[in-house]
Amino acid sequence: MASRLPRPVPTDGFVTPTSTTQAETETVLLNHIPDKSRPETLPVLQKNAHMQYLVRNLVQGFPARYVSQDASQPWLLFWTLQGFSILQVGLDPGNKQRAIDKIMTWQHPGGGFGGGPGQAAHLLPTYAAVCSLAIVGRSGPGGGWDQIDREKLYNFFMSLKQPDGSFLVTHHAEVDVRGIYCLLVTATLLDLLTPELVDGTAEFIASCQTYEGGFSSSSQPYYSLDSVLLSSPRPPLGEAHGGYTFCSLASWILLQPFVNAESDISKRPEINLKNLLRWLVQVQGTEIELGGFKGRTNKLVDGCYSWWCGGSFALLEGLGLGGSQNTRSRDDTSPDSSAGTEECWDDIDDSLFNRKALQEYILYAGQHPAGGLRDKPPKNADAYHTLYCISGLSSAQHHVFPSSSRQTEILGTWVAASDPTVTNPLRKHIFSDSLSWIEEEGGSVIVGGKDNRVNATHPVFNLTMTHCEGLMAYFYKQKVPPRILKSTSS
Ligand code: FPP
Ligand code: ZN
């Protein structure tokens, strides 16, 4: 327990279910706030316990309570594999091959991947399957990469396209920015991103920004049944939420080569970055909430938003907000300095969010004592929260930013396609924009000391840089120059 009690989040005194659950959460979290005057309370990332948790799920299979996730099998695998990558664990060839063989059973004969064998293709498991292949797959027979039917995948994507630039998540289903993010990531990684595919998509994403500044799941369609575009504006559908905000913002970044290709600046769609930043900073919890993030206004902190919201700050840098001069830590001459001994958060660095506080939430409240990570105590760990807590920890530890010098290097080795059917003039921008994210040398802040360090992850894709480079170099037929700045990606 802390020697000085942090202040409760203020209320107007009118008791509601919201104020009651908030107070209950504060009481639980208070028990996890350490006495910082005692050095033995320095938080330890229980890497071994988390690794064992992931190994159990991978090797023994998921426990029976995951039965409801039968349509999320690619996700369960991705959360596990990417968890290993961030925890700096490589897989042996046998486990890799078993994973590849399993992933390929999820590919639908009509293109794209479903949530399990024989299930309909859907944008969300397609992202999870392709990203899993980035981690465990390889080129050549049985390696997975050459078994992805890219032509059918592209046709599947086009079949989901709506007149307003959005996409259904699967046939006969709804539009959701999560699906758009999954489509854009997959298309970017596999060299399938074309002007035809994303025509109108940036406009759609912009229409999902709410009055609060964050993004909602979708916006009101403005087309009629006979595909004629109506002139009425499309209000966002629903509430600003961290998950949708991450997906929208990452999509917005992936769409920048197309937005910037419009020479008439007045025709370029826009989002309100100032409102977005204001919304994002206000969803970080206060001291009594241990600096965790909540997904929406007036709701509870939860470990998974460490990534969806905490990770969104790096994305803002991709749009020029923040930047190295703002996010460079005080100790930028000593990369892995321990930041765990301070009394309170007064000495925060210049980041747009409190990186040390977020690490404290994850380390003190997010870790389940038996391994794996969670939403909040006293909940159990699960595969989803395990990945997004450690991904959030990674984004709070490392300063990963888009580097113009790295981009120049990548463009310097770019080789134009020899195949005359490859006509997309933006390919090299898509490739170099995606791979120009690097970790700032000396920019890490590791709460609890260097043993708590995890790998950096790509802010848009949530894959290590090494895995992004491997997959993209293969599909774009390029060589990526070695990274000269210090990086911890495995
Ligand atoms: C509300 O849950 C949460 C949602 C409606 C969806 C959130 C979306 C994501 C987490 C993004 C997922 C991204 C991909 C790529 C699939 P809730 O009401 O239980 O939680 P809350 O109270 O914290 O809002
Ligand atoms: Zn959660």
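Both ligands and their constituent atoms are indexed starting at 1 by order of listing.
Under the 6.0 Å cut-off for aromatic ring centres, H385 and Y305 do not qualify, their centroids lying 6.0 Å or more apart. Ring centers of W308 and Y388: under 6.0 Å apart, within the cut-off. Between Y181 and F246, the distance separating the two ring centers is shorter than 6.0 angstrom. With ring centers used as reference points, F78 lies under 6.0 Å from Y127. Remark: aromatic rings of H429 and F431 are distant, center separation not under 6.0 Å.
Summary of contacts: the protein heavy atom closest to atom 18 (O) of ligand 1 is R296 NH2, 2.6 Å. For atom 5 (C) of ligand 1, the nearest protein heavy atom (residue, atom name, distance) is Y244 OH, 3.3 Å. The protein atom (non-hydrogen) at minimum distance from atom 3 (C) of ligand 1 is H241 NE2, 3.4 Å. Regarding atom 15 (C) of ligand 1, its nearest protein heavy-atom neighbour is Y181 CD2, 3.7 Å. L124 CD2, 3.7 Å is the protein heavy atom nearest to atom 16 (C) of ligand 1. Among all non-hydrogen protein atoms, the one lying nearest atom 20 (O) of ligand 1 is Y305 OH, 3.5 Å. Counting protein heavy atoms only, atom 13 (C) of ligand 1 is closest to W308 CH2, 3.4 Å. Nearest non-hydrogen protein atom to atom 11 (C) of ligand 1 is G243 CA, 3.5 Å.
Remark: H458 NE2 to T466 OG1 distance equals 11.5 Å, nearest 0.5 Å.
Contacts with ligand 1 closer than 4.0 Å are made by side-chain heavy atoms of Y384 only, the backbone lying farther away. Proximity of D302 to ligand 1, defined as any heavy-atom pair under 4.0 Å, is not found for any part of the residue. At a heavy-atom distance under 4.0 Å, no atom of S217 approaches ligand 1.
Protein heavy atoms are found inside the 4.0 Å sphere centred on atom 22 (O) of ligand 1.
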*How far apart are the C-alpha atoms of R453 and E439, what are their side-chain angles, what is the distance that settles it, and do they pass the salt bridge (Lys or Arg N to Asp or Glu O under 4.0 Å) test?*
CA-CA 13 Å; R453 181 185 199 108; E439 187 186 343; 3.1 Å; yes

*For Y53 and H368, run side-chain contact (heavy atoms from CB on, under 4.5 Å): C-alpha distance rounded to whole Å, both residues' side-chain angles, the deciding distance at 0.1 Å, then the answer.*
CA-CA 10 Å; Y53 175 85; H368 192 283; over 6 Å; no

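The distance from ligand 1 to the heavy atoms of K299 drops below 4.0 Å at these ligand atoms: 18 (O), 22 (O). Annotation for ligand 1: atoms under 4.0 Å from non-hydrogen atoms of C247 are 13 (C), 15 (C).
Among the atoms of D375, none of the N, O or S atoms falls under 2.8 Å from the Zn ion (ligand 2).
Taking only nitrogen or oxygen atoms, main chain and side chain alike, W75 does not reach within less than 3.5 Å of ligand 1.
Angle OD1(D302) to the Zn ion (ligand 2) to SG(C304): 90° [nearest 10 degrees].
Between Y384 and W79, the angle of the ring planes goes over 60°, which puts this pair in the perpendicular group of the 30/60° scheme.
Checked against Q367 for a side chain to side chain donor-acceptor pair (under 3.5 Å), the options H32, Q46, H50 give a single hit: H50.
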